[in-house]
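Just so we're on the same page: letters track the sequence lines, and every chain starts at 1. Side chains included, hydrogens not; waters and symmetry mates left out as well; all remaining heavy atoms used. If you're wondering where the values come from, they're calculated on a predicted model, not measured in any experiment.
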Amino acid sequence: MPTMTDLAAVAPEIILTLTAGLLLLVEAFAPGLRRSASLITVIAALVAAWSRLAFALPGEVWGGMLSIDRVAAYVDLYILVALVLTAAMAGPYLRRNDCERGEFYTLLLLATVGAMVMASSVDALSLFLGLELLSIPLYVLNAYLRKTAVSVEAGLKYFVVGAFASAFVVYGIALLYGVTGTTNLVAMGRSVVAADAVSPLLAVGLAMVVGALGFKLALVPFHAWAPDVYQGSPTPVTAFLSVVPKGAALVALLRLVDGMDLLHVSPNWVVVASVIAVASMTLGNVVAIVQRDVKRMLAYSGIAHMGYAMVAVIVAGREGGSAVLVYLAAYTLMNIGAFATLALMSERENEPTLMSDLAGQGWIRPVAAAALTLCLVSLAGVPPLFGFTGKFVVFRAAVNNGFVWLAVVGVINSLISAFYYLRVVYMMYMQPLPRREPVFQPSWLITGVATIAAVGVLILGIYPVPILDAAHEAILDLVR
Amino acid sequence: MFESSLLSFLTLGPAVAAVVLLLLPDRKPAMHRWIALGVSVAGFLLSLILWFRFDADNPGFQFVEQISWIPQFGISYHVGVDGISLLLVLLTTLLVPVVILASWTSIDRHVKAFHIALMLLTTGMLGAFVALDLFLFYIFWELMLIPMYFIIGVWGGPRRIYAAVKFVLFTMAGSLFMLLAILYMAWFAHSEVGIWTYDYISLAAIAPQLEMTGLWSPQALVFLAFALAFAIKVPMFPFHTWLPDAHVEAPTGGSIILAGVLLKLGTYGFIRFNRAMLPDAWDYFVPLIMVLAVIGIIYGALVALVQPDIKKLVAYSSVSHMGYVMLGLAAGTVASTEGAVLQMISHGLSTGALFLLVGVVYERRHTRLISDYGGIAGVVPVYTGVFLLVTLSSIGLPGLNGFIGEFLILAGTWQVAPMAAVFAGLGIILGAVYMLWMFQRVFWNPLVHEENRSLSDMNLRELLAVLPLLVLIVWIGIHPTTFLSPVEAAVRALLGS
């Protein structure tokens with residue numbers, strides 16, 4: 001029987017799941033209320049965030065399946081922020097495309113629960129459970145605009161690749177279990193450290209689990225799905241997809257690296273991970289240069305950004321871990337802000353997000369364009385914006401721990417990235433406005449989401465102390 | 001209280017003004033111009049208080065303010081000025097109102113956005129001059145990037161996009177490596193004394209202990225990382241290629257700021273970081289800097305000689321003139337270093353004035369080609385007189401500002417590297433040739449273009465904009481001591497003599 005502690009520890013997940021069920025009922029029995037589904041989701045997310053802050057963090061619960069510690073709380077909060085912003089922009093977006101249904105929010109809520117479970121898992125089985133609960137709703141959400149071919153294509157692609165990743169995880173876990181006799185990550189780590197030699201089966205198992213997380217993170221060479229899926233999905237879903245699964249997977253990776261003590265298991269880990277990080281940064285940034293579609297460009301930039309985050313994962317320890325957490329927070333705000341403005345600026349039914357469609361927008365939609373500019377410049381890592389803080393802590397961790405060369409690769413990549421981020425800015429402000437009437441009226445709600453994200457990027461860039469503190473505190477629970 | 005936050009008012013005031021401008025409706029361009037002008041003039045008056053209350057005998061930092069900012073990393077908001085940065089702060093606060101006046105009618109689109117960008121740029125420039133924390137310095141340094149990108153890219157000439165992107169990429173290429181060097185220095189300081197700090201004064205005390213055994217030793221690499229950022233900004237040969245594009249394509253106001261202040265940030269960085277923090281590496285690299293400086297002087301002058309476009313000619317003359325500053329720093333005598341600092345100010349005044357004057361005729365004729373003018377001395381006598389004065393100042397006529405700086409630099413350099421002084425002296429001759437030849441072709445040759453007959457002379461606003469520059473050009477030329485006395489203590493402290 002679960003104890004009260006167990007239940008209180010997962011109160012946010014319970015709240016979100018109940019809301020998901022409620023919204024299904026609303027859709028079935030009171031379809032007239034579906035306009036408020038977005039608002040209900042936002043409220044549920046806020047209540048969940050409150051409950052995460054209000055209840056004590058007990059550490060390991062549910063018989064050692066989940067660890068509701070400060071890392072979990074930190075990641076949960078930023079996942080919930082992403083949920084609030086996504087749900088808020090989804091309402092007007094879906095109404096505009098004439099497909100607002102309660103299921104959308106149900107799926108969004110379930111995916112959020114999955115991400116939260118994944119981020120707090122310290123057991124291979126709950127990790128897999130969380131991964132599936134996160135992925136399956138997303139397959140549907142990607143294909144949500146079912147009359148649009150690219151959206152369906154995105155759903156199918158993400159599904160096929162995701163199914164592969166899931167199979168990898170299960171098979172990897174099976175191998176790890178076979179070698180160590182346990183599914184608990186920490187116990188696995190202990191038995192590995194106790195054993196003298198590393199079994200090849202263990203290495204294969206680990207590689208499969210890490211590879212599957214690499215799929216979720218869209219790291220090279222597991223990245224090929226990202227551009228098509230980003231481009232095809234409804235923009236709010238892309239915003240969600242670009243941050244929430246990545247956050248959950250990064251934390252799972254951190255738990256794996258520190259819990260299993262990967263450095264001890266295999267000295268090759270650093271080599272392999274460095275190759276992945278460098279390849280992700282470089283390929284992501286170089287290929288982003290030639291993109292004509294902003295969503296595709298952001299997909300490649302996302303690949304590159306996960307490469308930067310990998311640098312911090314490689315550094316590991318307290319410094320690397322807290323750098324990952326700070327970077328995640330920055331990346332979340334910037335990306336959601338960027339996608340929100342894209343949702344705002346797209347003017348026709350079939351989602352044009354070509355760069356040339358943004359020409360001249362800077363002068364007719366000053367608020368949205370300024371928000372997008374701030375988010376993109378922040379993604380490029382220009383101070384005093386939050387994205388710079390993220391890069392600063394990552395590079396600082398690398399330099400302090402003897403990975404200067406990774407930091408060098410990182411800064412060269414930042415330079416490349418400035419080129420394509422600024423091209424969007426150039427389009428918006430330095431190109432003449434094409435003569436075309438906008439089809440959609442700009443929605444104040446999406447404008448609000450974009451503005452909140454952009455202002456957040458600015459304020460947290462100037463004064464990052466609260467986030468740095470939170471990340472620093474949180475990582476103490478992970479790295480002992 | 002007031003005195004200790006004077007620098008913060010001065011630095012952050014324009015950023016606050018930018019936010020205010022942002023919130024005001026953009027229907028009334030005149031309002032934005034007047035607000036920006038008011039703020040910048042107020043900034044200049046505030047900096048005058050700085051000037052009068054500055055203790056010239058104190059070589060240390062004055063008007064210091066320090067507030068803990070990011071305690072986790074030992075980063076604080078720490079600002080202060082010494083004699084060198086004081087002059088540069090004054091130059092900046094003087095040039096900003098000049099820029100606003102010079103852009104009064106030529107910036108007619110997106111007036112609000114222009115002044116927001118200019119105000120943010122002002123915060124970045126002043127902040128970089130007064131920052132005494134390396135993290136803070138980096139923030140201000142990079143803060144200049146995006147406003148300048150907009151100023152060139154939105155209000156610039158036909159090839160503005162190319163120029164703007166080139167400017168941003170060049171600048172970022174340098175500054176990102178500087179970021180790594182800053183991180184490395186902080187790590188080194190932590191491993192030496194056990195505390196995290198990015199504070200300039202603490203790091204300047206520890207950084208000289210960085211191992212310096214050759215090209216691949218830590219101090220040399222840190223030096224190169226800083227030097228790259230600053231050499232691009234100065235710009236030193238061969239990192240100068242962004243400059244002609246940026247200067248030519250930028251609107252008049254942007255060119256004045258670029259030449260007047262932004263280039264000075266490069267030489268200021270060399271003084272503040274490379275020279276003061278990494279003395280061993282400085283000694284190691286001095287021959288290289290000297291050679292590049294002399295190449296820059298001669299090369300810039302030769303290329304300026306053949307330019308058909310007045311603005312491009314002035315742009316290349318900057319490469320040449322900034323070479324003198326680097327030469328003076330590299331020579332490292334008290335005279336040459338003081339000369340270098342004064343030359344920074346002089347060049348800011350003369351070149352700022354030249355760009356302003358080029359903008360005056362460009363606004364009337366929409367061409368900057370020398371061959372489109374000729375013989376206009378009789379048509380626009382006031383303009384001709386002003387232009388002549390500035391030209392003479394630029395070529396270093398005794399009695400005007402350019403002479404003092406160049407003389408001190410050459411005299412100081414002669415003591416340590418006579419050959420360098422000889423070649424640099426050649427640059428002065430070339431400077432006279434290209435400037436006077438240009439002047440002759442624009443103002444004196446027969447008047448062949450009929451359009452030029454109806455050219456109107458400078459109006460009151462334009463005269464008002466250039467007047468402060470002219471006053472200082474003469475003042476520095478006649479009584480340089482006014483400006484050298486606050487510099488001397490700081491320079492002696494820098495050189496350790």
Practice prompt. Would you check if Val165(B) and Tyr426(A) make a side-chain contact, meaning some heavy-atom pair closer than 4.5 Å?
Written response: no
Item to complete: With a 4.5 angstrom heavy-atom cut-off, could you sort out which part of Leu22(B) is near chain A: side chain, backbone, both or neither?
Response: neither
What pairs of donor and acceptor atoms, side-chain ones from residues 119-131 of chain B against any protein atom, are under 3.5 angstrom apart with sequence neighbours left out?
residue, atom, partner, partner atom, Å
Thr122(B), OG1, Leu118(B), O, 2.7
Thr123(B), OG1, Thr11(B), O, 2.9
Thr123(B), OG1, Ala15(B), N, 3.0

Discussion item. Could you check whether atom CZ of Phe73(B) has more than 12 heavy atoms from other residues, nucleotides or ligands sitting under 6.0 Å from it?
Written reply: yes
Discussion item. Looking at chain B, which one of Val399(A), Asn400(A), Val393(A), Leu468(A) has the largest number of heavy-atom pairs inside 4.5 Å, strictly under?
Written reply: Asn400(A)
Worksheet item: Sub-3.5 Å donor-acceptor pair from the side chain of Trp69(B) to the main-chain atoms of Ile462(A), do we have one?
Response: yes
Worksheet item: Do you know which two heavy atoms are closest between Ala418(A) and Met172(B), and how far apart they sit?
Response: CB-SD, 3.4 Å
Discussion item. Can you tell me which of Ile416(A), Asp469(A), Thr373(A), Leu385(A) forms the most heavy-atom pairs within a distance under 4.5 Å of chain B?
Written reply: Asp469(A)
Discussion item. With a 4.5 angstrom heavy-atom cut-off, is it the side chain or the backbone of Ala113(B) that approaches chain A, or both, or neither?
Written reply: side chain
Discussion item. If you count heavy-atom pairs within less than 4.5 Å of chain A, which of Tyr138(B), Phe150(B), Tyr184(B), Trp155(B) leads?
Written reply: Phe150(B)
Practice prompt. Kindly write out the residues that satisfy salt bridge (charged side-chain N to carboxylate O under 4.0 Å, His left out) with Arg396(A), not counting sequence neighbours, or none if the list is empty.
Written response: Glu319(A)
Discussion item. Looking at every non-hydrogen atom in both residues, tell me the closest pair between Leu422(A) and Ile146(B) and how far apart they are.
Written reply: CD2-CD1, 4.1 Å
Discussion item. Report which part of Val168(B) has an atom under 4.5 Å of a heavy atom belonging to chain A: side chain, backbone, both, or neither.
Written reply: side chain
Worksheet entry | Largest heavy-atom contact set with chain A, pairs under 4.5 Å, which of Arg160(B), His110(B), Glu142(B) | His110(B)
Response to the item:
Turns out that what part of Ala380(A) lies under 4.5 Å from chain B's heavy atoms comes down to backbone
Worksheet item: Does His190(B) NE2 have over 12 foreign heavy atoms under 6.0 Å away?
Response: yes
Worksheet item: Quick one: are Tyr149(B) and Val382(A) in side-chain contact, heavy atoms under 4.5 Å?
Response: no
Item to complete: Report the C-alpha distance between Val404(A) and Trp187(B) in whole Å, list the side-chain angles of each, state the deciding distance to 0.1 Å, and finish with yes or no for side chain to side chain contact (heavy atoms under 4.5 Å, CB included).
Response: CA-CA 11 Å; Val404(A) 178; Trp187(B) 171 80; over 6 Å; no
Worksheet entry | From Ile152(B) atom CD1 to Met430(A) atom CE, the distance as rounded to the nearest 0.5 Å | 9.0 Å
Discussion item. Does any part of the side chain of Phe135(B), heavy atoms only, come nearer than 4.5 Å to the side chain of Phe392(A), both counted from C-beta?
Written reply: yes
Worksheet entry | Beyond-backbone contact of Ile412(A) with Phe177(B), side-chain heavy atoms, under 4.5 angstrom | yes
Worksheet item: With only heavy atoms counted, which part of Val377(A) is less than 4.5 Å from chain B, the side chain, the backbone, both or neither?
Response: side chain
Item to complete: Let me know if Ile161(B) has heavy atoms under 4.5 Å from chain A in its side chain, its backbone, both or neither.
Response: side chain
Worksheet item: With only heavy atoms counted, which part of Ile75(B) is less than 4.5 Å from chain A, the side chain, the backbone, both or neither?
Response: side chain
Practice prompt. Check each atom of Pro366(A) against the heavy atoms of chain B and say whether the ones under 4.5 Å are side chain, backbone, both or neither.
Written response: neither
Worksheet item: Would you say Leu180(B) and Val408(A) make side-chain contact, with heavy atoms under 4.5 Å?
Response: yes
